[in-house]
**Q** 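Let me give you the structure first, and then I'll get to my questions.
Here the structure is a predicted model, which means the values were calculated and not measured. Numbering of ligands and ligand atoms starts at 1, following listing order.
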Amino acid sequence: MKIGVLGSGKGSNFDAICDAAREGRIDAQITVVLSDVADSLILEKARSAGIAARYIAPGAFKTRLETQREEEYVRVLREHGVELVALAGFMRVIKEPLLRAYAGRIVNIHPSLLPAFKGLRAWEQALQFGVKFAGCTVHFVDEGVDTGPIIAQAVVPVRDDDTPETLHARIQAEEHRIYPEAIGMIVRNTYAVAGRKVVRRP
Ligand code: GRF
């Protein structure tokens, strides 16, 4: 399966997916990496891994892409034969052009146990709320923000002396484990969707 990765930041989840594909843990190949941040580390990493990497300017908005720009993302994904889109720290809300082009084939990793703590800096929200367990979620992307059907989750403990940084690092270690696993499930088609519920099948 050909995967396109969209990210805005440091690309540690890109690394995890890339390693899983390279080591044959998932029968997939990342064919292109796209970013809304020209000097993002994720683009640099993709280039040094010999993967096509493109900056596509987001346009004037802060939290989403301009429609024409989003259409350009779709065009480039198609140009690279992408069948599954993996958001990995992509800081824009996905709208109609991409949702329509890749309906049911866009996944995201979020650093909380959804539906708790949607949105930005979820680990910090969890810490401020005082929860004893935090975690991460891989989910399908729909028109909402962090609302799509849940594919996989992992839990981590919150320690009394945690800072936002230490908690985020613990969550990220789990992200790097469950994101490739969830993608593997999609690649092997070993899941079924019943309403909102994604279930594993043998
Ligand atoms: C991760 O914490 C992910 O859950 C969130 O953005 C961060 C991306 O990190 N969506 P990286 O760029 O993959 O290192």
**Q** Checking Arg69 side chain against Ile56 main chain: does a donor-acceptor pair fall under 3.5 Å?
**A**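 No, Arg69 side chain to Ile56 backbone: no donor-acceptor pair under 3.5 Å.
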**Q** Before signing off on this row, confirm whether Asn108 and ligand 1 have an N or O atom pair separated by under 3.5 Å.
**A**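 No.
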**Q** At the 4.0 Å heavy-atom cut-off, does Met91 count as touching ligand 1?
**A**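 Per 4.0 Å heavy-atom rule, Met91 does not contact ligand 1.
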**Q** Which pair of heavy atoms, one from Phe117 and one from Leu114, lies closest together, and at what distance?
**A**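 For Phe117 versus Leu114, the nearest heavy atoms are O-CD2, 4.4 Å.
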**Q** Give the residue and atom name of whichever protein heavy atom lies nearest to atom 10 (N) of ligand 1, and the separation in Å to one decimal.
**A**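 Heavy-atom neighbour on the protein nearest atom 10 (N) of ligand 1: Ile109 O, 2.9 Å.
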**Q** Just to confirm my output: which protein heavy-atom neighbour is closest to atom 7 (C) of ligand 1, and how far is it?
**A**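 Residue, atom and distance for the closest contact: Gln172 NE2, 3.9 Å.
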**Q** Return the minimal non-hydrogen interatomic distance between Gln153 and Thr137, and the atom names on each side.
**A**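 Scanning both residues completely, I find the closest heavy atoms to be NE2-OG1, 2.9 Å.
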**Q** How far does NZ of Lys45 sit from OG of Ser12, to the nearest 0.5 angstrom?
**A**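 Lys45 NZ to Ser12 OG: 6.0 Å, rounded to 0.5 Å.
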**Q** Starting from atom 4 (O) of ligand 1, find the nearest protein heavy-atom neighbour and note its residue, name and distance.
**A**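 Of the protein heavy atoms, Glu175 OE2, 2.7 Å lies nearest.
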**Q** For Glu44 and Arg47, run salt bridge (Lys or Arg N to Asp or Glu O under 4.0 Å): C-alpha distance rounded to whole Å, both residues' side-chain angles, the deciding distance at 0.1 Å, then the answer.
**A** CA-CA 5 Å; Glu44 209 177 301; Arg47 287 189 190 110; over 6 Å; no
**Q** Can you list the atoms of ligand 1 that are under 4.0 Å from a heavy atom of His110?
**A**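 With His110 as reference, the close atoms of ligand 1 come out as 4 (O).
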**Q** For Trp123 and ligand 1, does the shortest N/O to N/O distance drop below 3.5 Å?
**A**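 There is no such contact.
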**Q** Nearest 0.5 angstrom please: Phe14 CZ to Asp19 CG, how far?
**A**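 Atom-to-atom, Phe14:CZ and Asp19:CG are 9.0 Å apart.
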**Q** Decide whether the shortest distance between a heavy atom of Gly11 and an atom of ligand 1 is less than 4.0 Å.
**A**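 It does, in that a heavy atom of Gly11 comes within the 4.0 Å cut-off of ligand 1.
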**Q** Check the side chains of Glu175 and Gln172 for a donor-acceptor pair under 3.5 angstrom, ignoring hydrogens and angles.
**A**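 Side chains of Gln172 and Glu175: pair found under 3.5 Å.
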**Q** Please compare Ala16, Gly89, Ser12 and report which has the shortest non-hydrogen distance to atom 11 (P) of ligand 1.
**A**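 Checking each option, the heavy atom nearest atom 11 (P) of ligand 1 is found in Ser12.
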